[in-house]
Amino acid sequence: MRYRSLASLAFLASLFVAPAEAQCDISQTICALDGKKCNIKFRNITDESSGSGAGTDYKQGASAQTIKVKARKANGNNAGNALTIDAGASNTMNVDNKAKKAFADIRISAYTVSSVSGVTMKCEDVVDTLNGNGTCKIFNGQEQGTKGQLVFTCDGGTVTGP
């Protein structure tokens with residue numbers, strides 16, 4: 001009986017300690033409900049010095065760099081292939097494919113400039129973007145006295161991060 005109690009206690013403890021796999025549900029987005037592909041087009045405008053900082057707490061500054069955009073599972077592992085986007089270029093992520101791999105968020109990082117901090121699009125940012133025009137601009141932002149920070153604005157500035 002003592003062993004059964006210990007086993008029961010260990011099982012109950014695992015329920016509270018084990019991390020839940022959080023998956024981003026895009027099934028109720030406009031594109032999914034209409035039976036269309038759910039894509040986000042990422043534009044790397046890190047080489048531009050103005051135009052997208054509005055609506056954020058960051059001043060846009062030119063610092064041309066290649067960025068990496070990858071969908072991640074809740075455990076931090078990649079959910080499929082990452083996009084590598086040069087400054088001034090665009091690339092499209094098929095979010096449907098990422099949903100099939102149970103992605104939780106999208107991480108955007110500076111691939112060529114280590115002194116610039118990356119940014120994460122939370123699930124609600126992804127859903128709002130898919131319900132809008134599906135386009136995100138990535139720029140180099142600067143807060144006074146801090147190092148560079150990648151910033152995203154999507155849907156005409158209504159979805160921003162960090």
Side-chain angles (χ1 to χ4, degrees), residues 22-144 146-162:
Q23 170 179 335
C24 188
D25 181 10
I26 63 166
S27 64
Q28 298 303 306
T29 58
I30 294 169
C31 54
L33 293 172
D34 288 347
K36 298 178 181 175
K37 289 184 178 180
C38 292
N39 295 322
I40 296 178
K41 181 179 182 178
F42 292 95
R43 292 183 53 216
N44 179 349
I45 59 169
T46 57
D47 58 337
E48 296 179 16
S49 60
S50 64
S52 291
T56 72
D57 294 332
Y58 294 88
K59 180 181 178 200
Q60 183 176 348
S63 175
Q65 57 203 270
T66 301
I67 60 171
K68 184 165 275 199
V69 181
K70 63 181 175 179
R72 301 184 307 180
K73 297 180 180 186
N75 64 7
N77 290 341
N78 287 356
N81 296 332
L83 302 176
T84 302
I85 309 170
D86 292 328
S90 299
N91 205 338
T92 301
M93 177 178 281
N94 183 323
V95 183
D96 293 318
N97 288 341
K98 306 307 179 187
K100 291 175 187 172
K101 297 178 192 256
F103 85 102
D105 60 27
I106 296 176
R107 180 71 181 162
I108 305 163
S109 56
Y111 190 62
T112 53
V113 181
S114 62
S115 63
V116 175
S117 299
V119 64
T120 301
M121 290 182 72
K122 298 176 189 141
C123 180
E124 51 268 20
D125 298 327
V126 173
V127 169
D128 288 346
T129 300
L130 292 173
N131 282 330
N133 66 13
T135 300
C136 291
K137 299 174 189 171
I138 312 302
F139 68 91
N140 185 54
Q142 197 81 35
E143 280 186 314
Q144 189 162 351
T146 63
K147 69 179 189 171
Q149 168 73 55
L150 290 180
V151 181
F152 62 87
T153 59
C154 308
D155 295 330
T158 59
V159 180
T160 63

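Remember, predicted model here, so these are calculated numbers, not experimental data.
Ala87 approaches Thr46 most closely through the heavy-atom pair CB-OG1, 3.8 Å. For Gln149 against Gly118, the heavy-atom pair with the smallest separation is NE2-O, 2.8 Å. The shortest heavy-atom contact between Thr135 and Arg43 is CG2-CD, 4.2 Å. Closest approach of Ala104 to Cys123, counting heavy atoms only: O-CB, 3.8 Å. A pairwise comparison of heavy atoms in Asn140 and Gly148 identifies OD1-CA, 4.0 Å as the closest pair. Nearest approach of Ala99 to Gln23, heavy atoms of both residues: O-NE2, 3.9 Å.
Although no hydrogens or angles enter the test, the distance criterion places a donor-acceptor pair under 3.5 Å between the side chain of Asn131 and the main chain of Ile30. A donor-acceptor pair under 3.5 Å is formed between the side chain of Gln60 and the backbone N or O of Glu48. Listed for the Gln65 side chain is a donor-acceptor partner under 3.5 Å among the backbone atoms of Ser63.
Proximity of Cys24 to Glu124: side-chain heavy atoms (C-beta onward) are nowhere separated by under 4.5 Å. Between Tyr111 and Ile85 there is no side-chain heavy-atom pair separated by less than 4.5 Å.
With values rounded to the nearest 0.5 angstrom, Phe152 atom CZ is found 4.0 Å from Asp125 atom CG. One finds the CD1 atom of Ile45 at 8.5 Å from the CD1 atom of Ile138 (value rounded to the nearest 0.5 Å). Here the NZ-CG distance, from Lys37 to Leu130, works out to 14.0 Å after rounding to the nearest 0.5 Å. The distance from atom CD1 of Ile40 to atom SG of Cys136, rounded to the nearest 0.5 Å, is 5.5 Å. Going from atom CG of Asn78 over to atom NZ of Lys68 covers 8.0 Å, rounded to the nearest 0.5 Å. A distance of 4.5 Å separates CG in Leu83 from CE in Met93, rounded to the nearest 0.5 Å.
Just one residue in the list Arg72, Lys122, Lys73 forms a salt bridge (Lys or Arg N to Asp or Glu O under 4.0 Å) with Asp105, and that residue is Arg72. For the side-chain contact (heavy atoms from CB on, under 4.5 Å) with Leu150, the lone residue among Val116, Thr120, Asn44 that qualifies is Val116. No option in Asn91, Thr92, Ile108 other than Ile108 meets the side-chain contact (heavy atoms from CB on, under 4.5 Å) test with Phe42.
Residue pairs that meet the salt bridge (charged side-chain N to carboxylate O under 4.0 Å, His left out) test with at least one member in residues 89-101, sequence neighbours left out, do not exist here. The disulfide (SG to SG under 2.5 Å) contacts involving residues 63-97 comprise nothing, where partners must be two or more places apart or lie in separate chains.
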Worked verdict on Ile26 versus Thr29 for side chain to side chain contact (heavy atoms under 4.5 Å, CB included): CA-CA 6 Å; Ile26 63 166; Thr29 58; 4.1 Å; yes
Asn39/Val95 under side chain to side chain contact (heavy atoms under 4.5 Å, CB included): CA gap, chis, key distance, verdict: CA-CA 5 Å; Asn39 295 322; Val95 183; 5.8 Å; no
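No hydrogens or angles considered: a donor-acceptor pair under 3.5 Å links the side chains of Asp86 and Thr66.
Shown here is Asn77, whose CG atom has more than 12 heavy atoms of other residues, nucleotides or ligands within 6.0 Å.
Partners of Asp25 according to the side-chain hydrogen bond (donor to acceptor under 3.5 Å, both in side chains) rule, which considers only residues two or more places apart in sequence or in another chain, are Ser27.
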